[in-house]
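Okay, so here's the structure we're looking at.
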Amino acid sequence: MDPNGPGFVAADIRETEKQNEDLQRRELGITTESQVHTGEIENEKLNATHSTPVPRSPTSPVSPKSLEYNSEKSTGSSEDFRKIDSKIHVREDAPEGDAVFAHLPKEEQDILKQQVDTLPVPVKYFTLYRYATKWDKIFLVIATLCAIGGGAALPLMTVVFGNLSGSFSGYFLGTLSESFSTILNRYVLYFVYLAIGEFVLVYVSTVLFIYVGEHITSKVRDRYLKAILRQNIGFFDKLGAGEVTTRITADTNLIQEAISEKVALTLNGVASFFAAFVIGFIRFWKLTLICMSTVFAIVLVMGTGGRFMSMWNKKSLAAYATGGSVAEEVFSSIRNAVAFGTQDKLAKSYDKHLIEAMRWGVRSKSMMAVMIGSLLCLIFLNYGLAFWMGGRFLTSGETDLAHILTIIMAVMIGAFSFGNIGPNVQHFVAGIAAGNKIFATIDRKSPLDPESDEGVRLDHVQGNLELRNIKHIYPSRPEVTVMEDVNLYVPAGKTTALVGASGSGKSTIVGLVERFYDPVGGQVFLDGHDVSTLNLRWLRQQVALVQQEPVLFSKSIRENIRNGLIGSKFEHESEEEQTKRIEEAARKANAHDFIMALPHGYETQVGERGFLISGGQKQRVAIARAIVSDPKILLLDEATSALDTKSEGVVQKALDVAAIGRTTIVIAHRLSTIRDADNIVVMKDGRIVEQGTHSDLLESNGAYAALVSAQRIQKDQDQQDVPALDEKAALATESELDKAVSRKSSSAGSASADPADKRPGLSRNESTKGSISAKVLAGKSNDDDVKYSLWTLIKFIGSFNKKEWHFMLLGLFFNIIAGSTQPVQGIFFAKAIVALSQPLSQAAQIRRDVDFWALMYLMIAFVQLCAMWTQGISLAICSERLVHRARDMAFRHFLRQDIAFFDKEENSTGALTSFLSTEATHLSALSGATLGVLLSCTSTLVVAICVSLAIGWKLALVCMCALPVILGTGYLRFKILAKFTATAQRAYKKSAGYACEHTNAIRTVASLTIEDEIYQDYRSQLDAQIKESLKSNLKNSVWYAASQSFMFLAIALGFWYGGTLISNGEYTLFQFFLVYSEIIFGTQSAGTVFSFAGDMSKARNAANELRKLWDRQPTIDPWSTDGEKVADIEGHVEFRDVHFRYPTRPDVPVLRGLNITIKPGQYVALVGASGCGKSTTIALMERFYDPLAGGVFVDGNEVSRLELNEYRHHIALVSQEPTLYQGSIKENILLGLGGMSDDKVSDERIIKACKDANIYDFIISLPDGFATHVGQKATLLSGGQKQRIAIARALLRNPKVLLLDEATSALDSESEKVVQAALDKAAKGRTTIAVAHRLSTIQGADCIFVIDRGVVIESGTHQELMKIKGGRYGELVSLQSLERR
């Protein structure tokens, strides 16, 4: 019923893409002062790992403006940033659509286009039912017949009414053949039979439509995810991050709305409408035919308005989808946003899309009001016409009063029922719009389909790989050739290493071997067979991939490793045998010990994207997953980059063992990991520059030798021959470490009494009740499930529209007028009947009276038109602004929360994105058109009761007895629905989060070939949900059917008592008709109110959830201005006996009495094993968390007592996985300033930060310079380029404390050397804390702290630590040494 339902949340993606492209083209001409929206993700997108441009061939497009700038630069002219931007940013000839491929040969264009193109699918309304099963269709037919029957029952009542009217007339004239009471009782019984019939028909139709709607929508969700999992990787490069989530939740929700109970309501109305006219034609065709003219006017109004509404609705949905992508990106990198204090800037980026959506939404809702107003106006005009012509037919003797009354009543009831379907139109429009791109994706034929059975499966695989004359261009960035004329042979059973600068094409080779993309030229061969002729799924099952940033899924460690067995010959082994393989793989990957130390061992949940375990632990689990299936080909894309040196040595050994007998391709920046490779291939700018063994390449003194010298560690001579630590030796040192931990803990005083904290890890049956941190955590209570009263929630929703109070008052006033028109026309109706009841001998008087009341109808029609238009447009503005503010504020409140909030499983990125796309929208059910209808119904009811009581209080009071029954049944349904909606939302949240998590990691999913398992898991979640909702559906529909059918009993009561009063001579015909018509429409309005129960229950749940979010006070609150002001800091940092456990893992101690002192201006490094607490130290320094015991002090002040934002303003963080957001490079760099206005930053300061981070030359080499869009999740740039921009962002902040959490781990040796020098230079005058696995980056540190199991076990300079005989640091250094032996 609700014309303002959740329609505007979801999106037709085709329109989204069109709109995004238009916005991009429009905004490419704007200078950097007016930056482009942060959400555009289309033609400018590039793929990660390939952004350093190769020397352009003559066919490559080069902007004349960029050439002009480059020549300017080469002559050494001064750099004016504004001039750079204006020259590079303006591209008058910006290509669009297929034009971006125009510079390429036709065959290359075809290869690229088929990887990204999606053909539009024409979606008509019945297309939404395409997945209906045979039983669904049977149920639909039954439901349709019941809905039609239920609708036809109301006009049938007019036949009974017409006959009764004749009896009344006969009673007054004394012409009845039987007693009046007998006739009256008989007709009253007919009403009771109609009530029973209506109950059964409405119940059956509602239950079946809701069930079929859920079943079909479940199939759509199911097929959509299945289709998404079949798409090629190039398709995802063009897709917004949050779009899959929006599609699978909000869009499918819209489809469900369009095919569920809204259909029953619509069919009900349509059946009433047509049944009314059928009855009319039977009674007297001439008058009915005249009344039919209204139908054509209604169709014209609905058709024209619907077209505009659909167009504006799509545009509104498109903007929301893009906003969803922005939100998803921010949530997935929340630590970065918090560290830089960019919450406000990011919220403004999101808000841009909300404002755009609101603009179109207001137009769409206003058009709905115009349509409904016009519809009701036409209906009133129809009554005037019917009475006017009826009077003429009556006086001419062609018909009698009974027939005229039957026709007028039937047409009135039918037409009003038809008017009630108006609000449903938007649900159908929104459902079709939502279906457009969903079905386009489902029908898209993927050029690289992992589910396809096509292609050859080889009986035996040796593992010889060959790349022959490869030319590669990423389909999302057709203007850049990333690989040109590459020939490479990888022999079976040998290890081939790829090294080179970031963006040189190393990871591209991995993508081509996995067949994530098809090259535009050349071929890839496996054992002499072109991989394009092999079965894709089979091919990927022969290959295991470990990526630079490994992705684990939100399940247990055991399940994550077991994913590696899917598709292998071991997939169907017994549980016991699989467990043995899993444990064996974990041992090889050096993961078994740390897994067994976790409280639940292999059953430990790792959280979304594996966030509950450290980077190194995550990487080792990923390696175990890769080798568990004993693959023929192993691809290691920076597989050990996230590991500490000790683990790396052991894991590297394991990988060396694993590589025996299989083909291995290793990509490495850390050259110590590939020194023993059979062949080392050095790449530069998409070409191979040299290859050979480690020794050969060093002797040739070429590019490789230069890379090695950049990474060579300056070792102390005495420690040169420390042997590499093997696995046995590593394990043998455990007891020594325990002693060291014990010694450190005893020096910490109170911590010495904590046996759990001394342990290296918690065994599964170990208690932590005695530890300090455990006691602190025990005192913390969990968030209670708060419930708010309805009045509190109404005030809360109203607060969003405070500024629109004048619009609300205007809407409210005109709603009351619009609602009052129905009871007023009841007076006209009764008067017109009295006029027609006069003796035919007074024909002239009849004509005069009827003409007057017909003109009254004309007047009321235009009053209704003006009232409906005014209230509709006013409330459309209120509704859209409410949703806009609720969404904007919800996003800001999410960004306000502390990091512990985002660590919780229920607050995954997918769940939060889904919350924004649905909850805020549901609020609109208590605003806009729904609120309008509620107010109209209320005023109708009030005015009808008042008029009835004034004219005939006896009959009015008796009729009013039925109202509490109707209201009671409706309220009960409302209450049950509220409970059901809450349960359904929880289920959807989980399944949406599941889908989002896996589609965001599509490369991992594709390489593991686990598409089918994900699909089956998702499907079982949907099946469970359908069973649950069916039970609620059966209960809820009883109350809805009761509230609809009790109306007939009320009418029966009215007729019976009214007839009795007439027979007693107490009431005149006028009094009876007036009271009867007032109460019948009052009752109808009351019934209509509860058709909105579903929407209102959603609104209540949404308001409750939002209010809970509003009231949630984070422990560490970025909105708070409490605390000591921090004008400036020197940079003296101290950790005093710090104990810490993550809130999501309270049983695992991380820091167990950490003591560190850092003097101002010192460069200190933290080194140690994965999971020892290095990154936790950085997190505490940024105050992402507070210590459970002890404290972090800066300049002698405990950081928890300082004003949070001011404190963070003096700190800058460069993390291990750099985060850039959609938008230009300049926008991303400016985020380093947090809340400071961008206008206050000079161009020179930005340029200096970029030069210091060694990224400036790269930026200005791009066609659009600083205005270049980095794309979704910065897929435009390689890892190294992303990291350097992140470093520039940190340096722009000019921090007093610089935190480097593996800041150079993503850089190649060349960049690392320069950036490290820049960081060393930047560290002067500021305190720098660096977490590093690659020890060459921190050998110059003033002090190095070696951390193990949450305490410092060694500290000193590089030289001092190297002198410690058998020291841990010396061990680590020897493992990373690249000295030739």
request  = Compare all side-chain heavy atoms of V628 with those of E584 and state whether any distance is below 4.5 angstrom.
outcome  =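 Sidechains of E584 and V628: no contact.
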query = Any side-chain heavy atom of L1022 sitting closer than 4.5 Å to one from D222?
reply =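 Contact flag for L1022/D222 side chains = yes.
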Is the backbone of [Y] close enough, under 3.5 Å, to the side chain of [X] for a donor and an acceptor to pair up by distance?
| X | Y | result |
| --- | --- | --- |
| R620 | N590 | yes |
| R1152 | R1349 | yes |
| Q1283 | S1215 | yes |
| K588 | A624 | no |
| Q541 | T1009 | no |
| N560 | S556 | yes |

message = Under the criterion side-chain hydrogen bond (donor to acceptor under 3.5 Å, both in side chains), I'd like the reasoning laid out for R1145 against Q605: C-alpha separation, chi angles, the key distance, then a yes or no.
response = CA-CA 10 Å; R1145 288 185 296 159; Q605 295 294 316; over 6 Å; no
Rounded to the nearest 0.5 Å, how far does [atom2] of [Y] lie from [atom1] of [X]?
| X | Y | atom1 | atom2 | answer |
| --- | --- | --- | --- | --- |
| I228 | I248 | CD1 | CD1 | 7.5 Å |
| Y1018 | D1023 | OH | CG | 11.0 Å |
| L1106 | W1110 | CG | CH2 | 5.0 Å |
| R247 | T999 | CZ | OG1 | 11.5 Å |
| I1010 | I566 | CD1 | CD1 | 6.0 Å |
| Q897 | K904 | CD | NZ | 9.0 Å |

request  = Please report the C-alpha distance between E328 and N1000 in whole Å, then the side-chain angles of each, then the deciding distance to 0.1 Å, and finally whether the side-chain contact (heavy atoms from CB on, under 4.5 Å) criterion is met.
outcome  = CA-CA 10 Å; E328 198 274 344; N1000 281 347; 2.6 Å; yes
Is it the case that the side chains of [Y] and [X] hold a donor-acceptor pair, with the cut-off being a distance below 3.5 Å and no angle test?
| X | Y | answer |
| --- | --- | --- |
| T579 | R558 | yes |
| T252 | R221 | yes |
| D1301 | S1175 | yes |
| Q343 | R892 | no |
| E919 | N1101 | no |
| S574 | E577 | yes |
| E997 | S908 | no |

inquiry  = Let's go through R562 and E1013 carefully: what are the C-alpha distance in whole Å and the side-chain angles of both, what is the deciding distance for salt bridge (charged side-chain N to carboxylate O under 4.0 Å, His left out) to 0.1 Å, and is it a yes or a no?
reply    = CA-CA 11 Å; R562 193 190 159 278; E1013 191 188 47; 3.3 Å; yes
task = Applying ring pair (Phe, Tyr, Trp, His ring centres under 6.0 Å), run through H592 and Y602 and close with a yes or a no.
result = CA-CA 9 Å; H592 181 73; Y602 280 86; 5.7 Å; yes
request  = Tell me, with the steps shown, if Q547 and T1004 meet side-chain hydrogen bond (donor to acceptor under 3.5 Å, both in side chains).
outcome  = CA-CA 8 Å; Q547 297 177 84; T1004 304; 2.9 Å; yes
message = Quick check on ring pair (Phe, Tyr, Trp, His ring centres under 6.0 Å): which of F894, F891, F331 does F915 satisfy it with?
response =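 When F894, F891, F331 are each tested with F915, the ring pair (Phe, Tyr, Trp, His ring centres under 6.0 Å) holds only for F894.
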query = Going through the checks in order, is the side-chain contact (heavy atoms from CB on, under 4.5 Å) test met by D1117 and D898?
reply = CA-CA 7 Å; D1117 187 357; D898 43 29; over 6 Å; no
[X] bridged to [Y] by N-O distance under 4.0 Å:
| X | Y | answer |
| --- | --- | --- |
| R230 | E1011 | no |
| E214 | K1027 | no |
| R335 | D903 | yes |
| K1108 | D1111 | no |

key: Residue pair Y1185, T1176: steps toward the side-chain hydrogen bond (donor to acceptor under 3.5 Å, both in side chains) verdict   = CA-CA 9 Å; Y1185 308 92; T1176 303; over 6 Å; no
Mutual orientation of the aromatic rings belonging to Y994 and H998 [parallel < 30°, tilted 30-60°, perpendicular > 60°] =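 Judged by the thresholds at 30° and 60°, the geometry between Y994 and H998 is tilted.
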Closest non-hydrogen atom pair, [X] against [Y]:
| X | Y | answer |
| --- | --- | --- |
| L1151 | C1172 | CD2-O, 4.4 Å |
| P631 | V543 | CB-C, 4.5 Å |
| T604 | G601 | OG1-O, 2.7 Å |
| A995 | L225 | CB-CD1, 4.0 Å |
| S629 | S568 | CB-CB, 3.7 Å |
| P1146 | P1143 | CD-O, 3.4 Å |

task = Validate the cation-pi geometry between R581 and F570: distance from NZ or CZ to the six-membered ring centre under 6.0 Å, angle to the ring axis within 45°.
result =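 Flagged: R581 positioned over aromatic ring of F570.
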message = Run F901 and E906 through side-chain contact (heavy atoms from CB on, under 4.5 Å) and show every step you take.
response = CA-CA 9 Å; F901 172 84; E906 66 267 25; over 6 Å; no
task = Show your reasoning for whether ring pair (Phe, Tyr, Trp, His ring centres under 6.0 Å) applies to F1135 and F1140.
result = CA-CA 12 Å; F1135 282 73; F1140 180 73; over 10 Å; no
ask   = What's the verdict on side-chain hydrogen bond (donor to acceptor under 3.5 Å, both in side chains) for Y224 and D251, showing C-alpha distance, side-chain angles and the deciding distance?
value = CA-CA 11 Å; Y224 179 73; D251 275 22; over 6 Å; no
key: Verdict with supporting geometry, T1219 and K1282, side-chain contact (heavy atoms from CB on, under 4.5 Å)   = CA-CA 8 Å; T1219 300; K1282 276 194 279 191; over 6 Å; no
